[in-house]
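Notes for the one structure printed next.
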2 protein chains.
Amino acid sequence: MKCEKNQFNCPVEATLSLIGGKYKPLILWHLIDHPLHYMELQRLISNATPKMLSQQLHDLENNGMIHREVIPEKPPKTVYSLTPFGQSIVPILDAMCQWGNNYLDGLDVQPPCCQSRK
Amino acid sequence: MKCEKNQFNCPVEATLSLIGGKYKPLILWHLIDHPLHYMELQRLISNATPKMLSQQLHDLENNGMIHREVIPEKPPKTVYSLTPFGQSIVPILDAMCQWGNNYLDGLDVQPPCCQSRK
DNA sequence: CAGGATCCCATCCGATACTG
DNA sequence: CAGTATCGGATGGGATCCTG
């Protein structure tokens, strides 16, 4: 999904335009409790290709949801963390995760991660 | 987005697979308080083409979120309404709508509909 | 290590026209 | 009224290879 400031049919559309990307909810989810390096995210979201991961990270950064900091070392590191704006959307992720778990339960599917937070 | 029962990276993905379509949240939103006819939905969601609207309606029906009842009259009528399963996801829509309104406020954009419910 | 570049395919979505 | 059929463009997402 695009992340522009165009007209939306509904505020819900606006919300989805920010977190509707394939790996975006998952990225945000992993960043809730602590910042992570690119490599750690790559390992946690292993079926995302590097291209997809960095693309989604850039989208989230451009929308102000996450902060990207490069640490000039050898080897170089990049740390991603939630901004306050990104934090503000966590309750929605929580609600969606909880509902999604109930739904998957009904299908007898084991969710691969984040069954519940905390 | 597709709506299959495949593997999801995250329960949030499962949720998005059901309500992530372009007009799905809006359709569900309009059906919260009362059932609607196809034509009423078409009028409320005027920039959806008939093809898109009926496609999204079918998706929602196949996933058990809405109920479709054909009333054999002349002229024919079709009534769409939320199922209990569809009702169960309303809190998420509420949360997303509320957050989206705050977000759009910050952009000085007037949301076109459903500023708040009730 | 953290990604960018390139190529390509699947799906989403819109416009227009038509039907029981 | 309540859709379906068809075509085509836009976008999302994957595979592979390459670089500072």
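Just so we're on the same page: letters track the sequence lines, and every chain starts at 1.
The main-chain N or O of B:Met96 is found under 3.5 Å from a side-chain atom of A:Thr15 such that the two form a donor-acceptor pair. Between the side chain of A:Gln56 and the main chain of A:Tyr23, a donor-acceptor pair closer than 3.5 Å is present. Without hydrogens or angle criteria, A:Thr78 side chain to A:Glu69 main chain gives no donor-acceptor distance under 3.5 Å.
At whole-Å resolution of the value, CE in A:Met52 and C1' in D:dC17 are 18 Å apart. Remark: C1' of D:dA15 and CG of A:Asn47 are 14 Å apart, rounded to the nearest angstrom. Nucleotide C:dA2 holds its P atom 10 Å from the CD1 atom of A:Ile71, rounded to whole Å. Summarising the geometry, the separation between CD1 on A:Ile27 and P on D:dG13 is reported as 11 Å, rounded to the nearest angstrom. Regarding A:Glu61, its CD atom lies at a distance of 10 Å from the P atom of C:dG4, rounded to whole Å. Here C:dC12 presents its C1' atom at 11 Å from CG of B:Asp59, a figure rounded to the nearest Å. Atom pair A:Glu73:CD and C:dA2:P shows a separation of 10 Å (rounding to whole Å applied). Per the geometry, CG belonging to B:Leu53 stands 16 Å off P belonging to C:dC12, to the nearest Å.
Close to D:dG13, at under 4.0 Å from its OP1 or OP2, lies a side-chain N or O of A:Gln56.
Of the residues listed (B:Thr83, B:Leu18, B:Ile19), the one engaging B:Asn63 in a side-chain contact (heavy atoms from CB on, under 4.5 Å) is B:Leu18, and it is the only one. When the options B:Leu31, B:Leu82, B:Leu28 are evaluated for a side-chain contact (heavy atoms from CB on, under 4.5 Å) with B:Leu60, the one that passes is B:Leu28.
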Inset, instruction - Give the B/S/- string for nucleotides 1-8 of chain D, one per nucleotide from 5' to 3', where a protein heavy atom under 4.0 Å of the base yields B, of only the sugar-phosphate yields S, and otherwise -. - result: BSBBBBB-

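Pairs passing the ring pair (Phe, Tyr, Trp, His ring centres under 6.0 Å) check and including a residue from residues 51-88 of chain A, sequence neighbours excluded, read A:Phe85-B:Trp99, A:Phe85-B:Tyr103.
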